[in-house]
Amino acid sequence: MLSVSDLSIARAGLPVLQGLSFSVKDAEALILRGPNGIGKTTLLRTIAGLQPPLEGRIEGAEERVAYAAHADGIKPTLSVTENLTFWARIFGAGGIDGALAAYDLRPLAGRAAGSLSAGQKRRLGLARMLVTGRPIWAMDEPTVSLDKTAVAMFAEAVRAHLGRGGSALIATHIDLGIDAQVLDLSPFKAAPGSMDAFEGAFA
Amino acid sequence: MLSVSDLSIARAGLPVLQGLSFSVKDAEALILRGPNGIGKTTLLRTIAGLQPPLEGRIEGAEERVAYAAHADGIKPTLSVTENLTFWARIFGAGGIDGALAAYDLRPLAGRAAGSLSAGQKRRLGLARMLVTGRPIWAMDEPTVSLDKTAVAMFAEAVRAHLGRGGSALIATHIDLGIDAQVLDLSPFKAAPGSMDAFEGAFA
Amino acid sequence: MTALLMRDLALAIRAGGGFGLGLAFFLIVTVLVPFGVGPDPALLSRIAPGILWVGALLACLLSLDRLLALDWEDGSLDLLATAPLPLEGMLSVKALSHWIVTGLPLVLAAPVLGVLLNLPGPGYLWLTVSLALGTPALSVIGTFGAALTVGLKRGGLLLSLLVLPLYVPTLIFGAEVARRGAEGLDVATPLLMLAGISAGVIALLPFASAAVLRVNLR
Amino acid sequence: MTALLMRDLALAIRAGGGFGLGLAFFLIVTVLVPFGVGPDPALLSRIAPGILWVGALLACLLSLDRLLALDWEDGSLDLLATAPLPLEGMLSVKALSHWIVTGLPLVLAAPVLGVLLNLPGPGYLWLTVSLALGTPALSVIGTFGAALTVGLKRGGLLLSLLVLPLYVPTLIFGAEVARRGAEGLDVATPLLMLAGISAGVIALLPFASAAVLRVNLR
Amino acid sequence: MMPDLGKYAETVLSAYAASIVLLVAIVVLTLLRGRRVRAEMERIEEKAGRDG
Amino acid sequence: MSLWEYANPKKFLATSERVLPFFWVSAGLCLVVGLVWGFFFTPDDFRQGSTVKIIYLHVPSAMMAINAWVMMLLASLIWLIRRHHVSALAARAAAPVGVVMTLIALVTGAIWGQPMWGTWWAWDPRLTSFLILFLFYLGYVALWEAIENPDTAADLTSVLCLVGSVFAVLSRYAVNFWNQGLHQGATLSLDKEENISDVFYFPLLVCIAGFVLLFIALVLYRTGTEIRARRIKALRLRERAAA
Ligand code: HEM
Ligand SMILES: Nc1ncnc2c1ncn2[C@@H]1O[C@H](COP(=O)(O)OP(=O)(O)OP(=O)(O)O)[C@@H](O)[C@H]1O
Ligand SMILES: Nc1ncnc2c1ncn2[C@@H]1O[C@H](COP(=O)(O)OP(=O)(O)OP(=O)(O)O)[C@@H](O)[C@H]1O
Ligand SMILES: [Mg+2]
Ligand SMILES: [Mg+2]
């Protein structure tokens, strides 16, 4: 279980979200919504441990989160298999067959990743989550560029992950067809800090 | 009017679409659909003149197409205004006020483009189309990362463009709410060439 | 065209001092050489013109890989290629802005760095003149190399490999002018050759660059 | 860890010969110097050890900017940072693969290039030894510089600027070993210093690199 | 049989050795790659012919 | 029937297959005869001693190194103008052979230089411009290797070859100007008095013929290989499309 309490986060020194609390239990998914620029990406990066929160606490995230960003970390000169195998070995998790099957990557397995189309690349990026073996998936707009079939594959993969007791945190603007709680971030938008907070930390 | 007749296009030497004919009249939009990897991006690049077609003809495209790719060509260190002004000057078209207004970029105008969120960047990328002054818009998945409001702004901008007698060619997987013809590319998938074409061109 | 030039210059200045960095690299190369070959002043003053030219050339070279690569990565190059702007013109402007950002500061700084290497008296004038004539050619040739390798991952080193042999004639004549100048000899012939190379290269190479870039974009 | 090493090596090989290119640059720098300073063999043989060291250093330097930048650009670095892998270890592996791809070929090629600069007889052995001891330090220091500048646009030149002063001690002692070796003098002291620097740098600097990278990623 | 090469024996022999090694290397590499590629092409053509 | 028919890959393969045995055999024959003749049955030079024997390797390889570049230049031009794939592939096939020829000339020259000039290497114009040629070769080969798409690679390397040729000539002139050299002048001009004596001349001619024939054989064979490799690439793509 991942729980976040009274979290404030900042991007480039500017607070974007504050007073955020929520928790995601095992086998549950949480969908993050909110207009562009509200701070979804920033929140996911914080939970993945890439940046420290301004205030508040995050529990149960340490070493348990697999993060999928806008950029997929795909090496264009390596083949699809090689890319996946690399991440599987780094995370010390099992084989890549399940991942290849889940996103129908078998026919592309031997191709250099650089020669994939936008949606095919994205599928490879998502397949990576399966080889990490981590219980919490934090995903930033995972369905960008995906066609209908691929979105369905994705929903199916998430459902299977939840079925195995995993959980997922997904920022998206579209409807995924996954049974999940939805958290709208708009109410947590950080108020412009009071001017007198100059005391200690400049903001 | 843009008309394409009996077009075959290839990506990295491999034919992807063939026998494609369509035309887009002034004040009309055409939406391109098709599964990942069918060749939407390749088609748009060909129409934009970035790569030559294998066969067939494209008429009415020369110097009339504004192309919006997956990558937006935004310079992170320049401000939003500076980015737009640059493109306006390159295309020798008018001012940027209309473009800023259409995508609600006024509040962000002075910010460095690098500090925008994914969706905000995308809005800037789309605003660029308005300053080109070109009649045909060729857009590759323009609504990626956009929230609902921004998608509505986009649809509005396209409608206004059509109203001015322009036309648009949009590859997308989602429903844009624009009144337009839809062209599914799946039937035009290129059949693998015959083996004996070894004579001249190797495939 | 001016829009492009102004943008490129603005980008160079914003990006944490494009001007300063090329220069700084030149400075550091000149400083490293005495560490490498030892501090003997007579020796240094003999090799000074040559080393300064080689340093300037390397400083140019190092900044080449970003000349088109940044625009390629973020998609600007595709968009520029579809803009109503001849590619030849665009590449010439790119070369010009590269020269203003890299070559020009080198020309201005070279005499100062000459002091570090004990450059003999009359050498200063001719070093400056030869660099002023030669660096534009370096920028234009570099643009050709950048257009050839744009879009290749790790194009950086390949770019150096392709461009360096092309730099050789410029280097030979440029360094010859500087060396003869430093020794008080006649510099007319190499100076003319240097000017000839620069003129020829500036007039013709942009066409090759544009052809190559067009192929690379498709 | 091995997975990372193998991947980096595979990438270097795939990318059109990472191995060959660093080397080629070294070759070309050594070739350019005579074009700059002129063909006098006595002069060349005096400056040979120093120039070869400076050349090796520049060849290392040039390949640094891609050491982390590629992984940063495509998001791999973010993902690696969240992987169950200490960042220190990861950066040491990165430095190792950089050395295998760049440093090692330089060590092997240096004697051959010595011929071009007329390096005196006994110099060959000591040049090789000093490079073999010194280049690992260059890779590790370079990794630190790359970690410092990752994510900055035009970080390339800034990187050079930051790293070059850090390279100076290695360069001084390394070139000193090679020079004394070439002149047949005793090399013990600078050799010890060089070995000391390498050992210290390899043991300690990865911690600094990891700290710096962590800051850069957030 | 061996001609007397005098004091330059080493020079001449090493020049011949180096050149012959290089010549043989390019010929052998050429032939090896040629055979590999030819076999590969036949394999693929046969496979393509079978199912396409 | 026009010459351009051989620009058809299939036709080229068939024809080259037919003539190749002849070239291999005659190249081998010439080389063996020439080198054996030169090595075993020629006298020492009065000044250079036995080192003259190096001439049988050095001069032919130096000539072929230059000729290979000229051939690549022509092939590149044909590709750019008439767009015959075989022509581009022939240029690609010739480059590594050129590299080896250049290397042989450099190595034998260096080895020869040690006793004759007292140094392995000197910055003599001829040597220097040869070194530059070597760099051009390396860059050319590296560019071919670095590019995925064969047509793109053919276009880019062709332009590089063209521009490179101009600069190679320029460099040659520059280097000449920069330094007056140690290296031998032309000794092979047919009409001159100062020609080397016939004892050396005839075996040298045989060796040159051997190198020329070997070059032709290698380039024909390698072009065939490149054509097949290109075909494999195309078939793989096709397979992929079918999948
Ligand atoms: C690394 C050193 C050397 C290089 C790169 C080199 C290169 C060349 C080149 C490019 C040619 C011209 C071939 C042609 O134009 O057809 C040549 C010819 C020749 N070289 Fe060298 N050479 C080297 C060293 C030497 C040495 C040391 C000697 C003998 C002392 C020598 C003797 C000759 C002779 C006799 C010819 C034939 C000259 C002619 O007919 O044009 N070379 N070499
Ligand atoms: N690199 C940056 N430097 C400064 N500010 C930034 C940077 N990146 C984002 N911001 C700002 O931080 C805020 C939050 O951005 P974030 O990327 O988290 O939004 P988001 O919810 O992911 O939006 P989107 O749906 O558009 O991706 C935005 O107001 C944005 O302008
Ligand atoms: N750089 C490349 N090299 C080789 N093949 C490529 C390259 N880019 C794309 N392809 C292939 O060309 C075909 C068409 O790709 P394209 O990018 O046009 O598809 P798309 O319709 O835009 O797909 P998506 O919806 O995923 O963006 C695909 O099969 C893809 O695998
Ligand atoms: Mg976001
Ligand atoms: Mg696409």
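Just the heavy atoms: all of them, side chains too, but no hydrogens, waters or symmetry mates, feed the values below. Lettering of chains follows the sequences in order, A, B, ..., and the numbering in each one begins at 1.
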Looking at L133(F), T152(F), L156(F), L135(F), which makes the most heavy-atom pairs under 4.5 Å with chain C?
-> L156(F)
Counting heavy-atom pairs under 4.5 Å to chain C, which of L162(F), T157(F), L138(F), L160(F) comes out on top?
->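 Counting heavy-atom pairs under 4.5 Å, the top option is L160(F).
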What are the two closest heavy atoms between L162(C) and G139(F), and how far apart are they?
->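 That would be CD2-O, 3.4 Å.
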Could you pull out the closest heavy-atom pair between A174(F) and P169(C), with the gap in Å?
->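 Residues A174(F) and P169(C), closest heavy atoms: CB-CA, 4.2 Å.
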Could you look at [X] and say if it's the side chain, the backbone, both or neither that has a heavy atom under 4.5 Å from chain F?
| X | result |
| --- | --- |
| L204(C) | neither |
| V163(C) | neither |
| R214(C) | neither |
| L164(C) | neither |
| L171(C) | neither |

Are F167(F) and P165(C) close enough that some pair of their side-chain heavy atoms sits under 4.5 Å apart?
-> no
Measuring heavy-atom distances to chain C, does D151(F) have an atom under 4.5 Å in its side chain, in its backbone, in both, or in neither?
->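 Contact with chain C involves both backbone and side-chain atoms of D151(F).
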Does a sphere of radius 6.0 Å around OH in Y173(F) hold more than 12 heavy atoms from other residues, nucleotides or ligands, not counting ones at 6.0 Å or beyond?
-> no
Hey, which of I132(F), L131(F), L170(F) is the one that makes side-chain contact (heavy atoms from CB on, under 4.5 Å) with V168(C)?
->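 For V168(C), the side-chain contact (heavy atoms from CB on, under 4.5 Å) check succeeds only for I132(F).
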So which of L166(C), V212(C), I172(C) has the largest heavy-atom pair count under 4.5 angstrom toward chain F?
->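 The candidate making the most pairs under 4.5 Å is L166(C).
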